[in-house]
There are 2 protein chains.
Amino acid sequence: MKLTERKITTELRKHGYKLTPQRQAVIDTIVASQDLLTPARVYEKVSREHPDIGLVTVYRTLELLSRLGLICELHSGGTCPTYTASNPEHHHHLICSGCGKVVDFTGHNLAPLENRLARESGFRIQNHVLEFIGVCSACQETK
Amino acid sequence: MKLTERKITTELRKHGYKLTPQRQAVIDTIVASQDLLTPARVYEKVSREHPDIGLVTVYRTLELLSRLGLICELHSGGTCPTYTASNPEHHHHLICSGCGKVVDFTGHNLAPLENRLARESGFRIQNHVLEFIGVCSACQETK
DNA sequence: CTGCTAATTGATAATCGTTTTCAGTTGGAC
DNA sequence: GTCCAACTGAAAACGATTATCAATTAGCAG
Ligand SMILES: [Mn+2]
Ligand SMILES: [Mn+2]
Ligand SMILES: [Zn+2]
Ligand SMILES: [Zn+2]
């Protein structure tokens with residue numbers, strides 16, 4: 001289940017962060033979008049309702065939310081990182097190369113592969129990145 | 001099998017690119033290193049033997065080699081992309097968070113998962129990214 | 001070997017995304 | 001309401017990457 005705006009604000013408070021209108025606006029924007037958003041795109045969207053927000057505050061808020069695990073930061077796209085609403089369970093992403101839509105998935109099992117690699121390489125494995133890139137059904141129709 | 005310097009230069013020629021001393025130096029450096037290298041780090045290494053090379057040429061060469069699939073470009077690290085020698089088969093990477101060492105692996109089978117996701121999401125899946133991050137045996141000893 | 005030419009190079013400047021700085025503002029505890 | 005650490009936005013600084021352009025050169029044709 002994706003985090004709701006309510007849960008995110010509660011979580012912020014729990015960690016002692018203030019709940020400013022700017023932060024609420026950024027949170028609303030990310031939760032409302034199903035897509036990967038760059039910092040610039042978040043700024044653009046937030047600015048519509050909240051024209052006085054600074055780009056710097058968008059960067060700071062994204063960094064904060066990401067650090068608390070409330071949003072997901074992805075890199076596979078191109079140059080700059082992109083963000084999407086998070087899901088508190090361990091999960092990975094299916095990303096549309098057409099429109100940036102993100103679908104979370106769980107239920108994969110990389111443990112056997114991870115064990116094999118640890119054995120063969122001598123690495124102590126701590127983490128993994130798994131993403132599928134494709135074309136969503138909406139974008140398939142736009143031929 | 002990782003590409004040798006010989007194979008890379010042959011491949012360049014095949015695509016009609018000139019084989020300049022600068023390109024050879026960049027290729028040698030990447031092939032000689034087992035690690036992920038940033039453009040700046042490649043430049044630093046190449047400069048030792050070839051002090052007149054420009055950083056711009058390093059960027060251009062990395063872009064070219066990456067486009068031809070002769071080196072792998074990774075993003076999972078931090079801010080800027082990193083490069084490592086490529087392997088012509090479909091493969092993924094095991095990356096040491098301590099020293100940047102990269103080990104290629106093959107023999108994974110994501111097809112069942114990929115099929116399930118395609119069915120459930122309606123996506124046409126084209127590609128995937130899979131990386132394991134850990135600590136190599138040498139770095140484990142450096143406690 | 002010699003010339004030719006398109007490809008390549010490196011210095012410089014421009015650009016892009018991000019971070020730092022800092023003085024003014026404000027959320028929320030009391 | 002008062003207070004203060006947390007927060008904000010403007011501006012400047014910054015690091016990485018890309019564009020521009022005149023000079024050089026790899027590799028081919030003669
Ligand atoms: Mn997610
Ligand atoms: Mn590789
Ligand atoms: Zn799409
Ligand atoms: Zn290591």
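By convention in this document, chain letters (A, B, ...) are assigned in the order of the sequence lines, proteins followed by strands, and residues within each chain are numbered from 1. Values reported hereafter were calculated over all heavy atoms of this structure, with side chains retained and with hydrogens, waters and symmetry mates removed.
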> salt bridge (charged side-chain N to carboxylate O under 4.0 Å, His left out) between B:Glu44 and B:Arg48: does it pass, once the steps are laid out?
Replying inline: CA-CA 7 Å; B:Glu44 179 195 325; B:Arg48 286 183 207 140; 3.5 Å; yes
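Rounding to whole angstrom units, CZ of residue A:Arg23 and C1' of C:dT26 are separated by 12 Å. Atoms CG (B:Leu65) and P (C:dT8) sit 12 Å apart, rounded to a whole Å. Rounding to whole angstrom units, CG of residue A:Leu37 and P of C:dG17 are separated by 15 Å. Atom OH of A:Tyr43 is separated from atom C1' of C:dT18 by 14 Å (rounded to the nearest Å). Note: CG (A:Leu12) to P (C:dG28) measures 10 Å, nearest angstrom. Atom CG in A:Asp52 sits about 11 Å away from atom P in C:dT26, given to the nearest Å. To the nearest angstrom, C1' of D:dA16 lies 13 Å from CD of B:Glu73. Remark: P of C:dT9 and CD of B:Glu63 are 12 Å apart, rounded to the nearest angstrom.
Applying the side chain to side chain donor-acceptor pair (under 3.5 Å) test to every pair with at least one member in residues 10-25 of chain A, sequence neighbours left out, gives these pairs: A:Glu11-A:Lys14, A:Tyr17-A:Arg67. Applying the side chain to side chain donor-acceptor pair (under 3.5 Å) test to every pair with at least one member in residues 106-118 of chain B, sequence neighbours left out, gives these pairs: B:His90-B:His108, B:His92-B:His108, B:Arg116-B:Glu120.
The overall bend of the helix from C:dC1-D:dG30 to C:dC30-D:dG1, read as the angle between its terminal helix axes built from five base pairs each, is 40° when rounded to 10 degrees.
Partners of B:Gln126 under the side-chain contact (heavy atoms from CB on, under 4.5 Å) rule, at least two apart in sequence or in another chain, are A:Ser97, A:Val135, B:Arg124. Applying the salt bridge (charged side-chain N to carboxylate O under 4.0 Å, His left out) criterion to A:Arg119, with sequence neighbours excluded, gives no partner residue.
Put simply, the residue from B:Thr38, B:Thr57, B:Ile30 that forms a side chain to side chain contact (heavy atoms under 4.5 Å, CB included) with B:Leu62 is B:Ile30.
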>> Counting primed atoms plus P, OP1 and OP2 as sugar-phosphate and everything else as base, spell out the protein contacts along nucleotides 17-28 of chain D at 4.0 Å heavy-atom distance: B, S or - for each nucleotide, 5' to 3'.
In response: SBB------BS-
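From B:Leu70, atom CG reaches atom CD1 of B:Ile27 across 7.5 Å, with rounding to the nearest 0.5 Å. Atoms CG and OG1, from A:Leu37 and A:Thr84 in turn, are 7.0 Å apart once rounded to the nearest 0.5 Å. The distance from the OG atom of A:Ser33 to the CZ atom of A:Arg41 is 7.5 Å, given to the nearest 0.5 Å.
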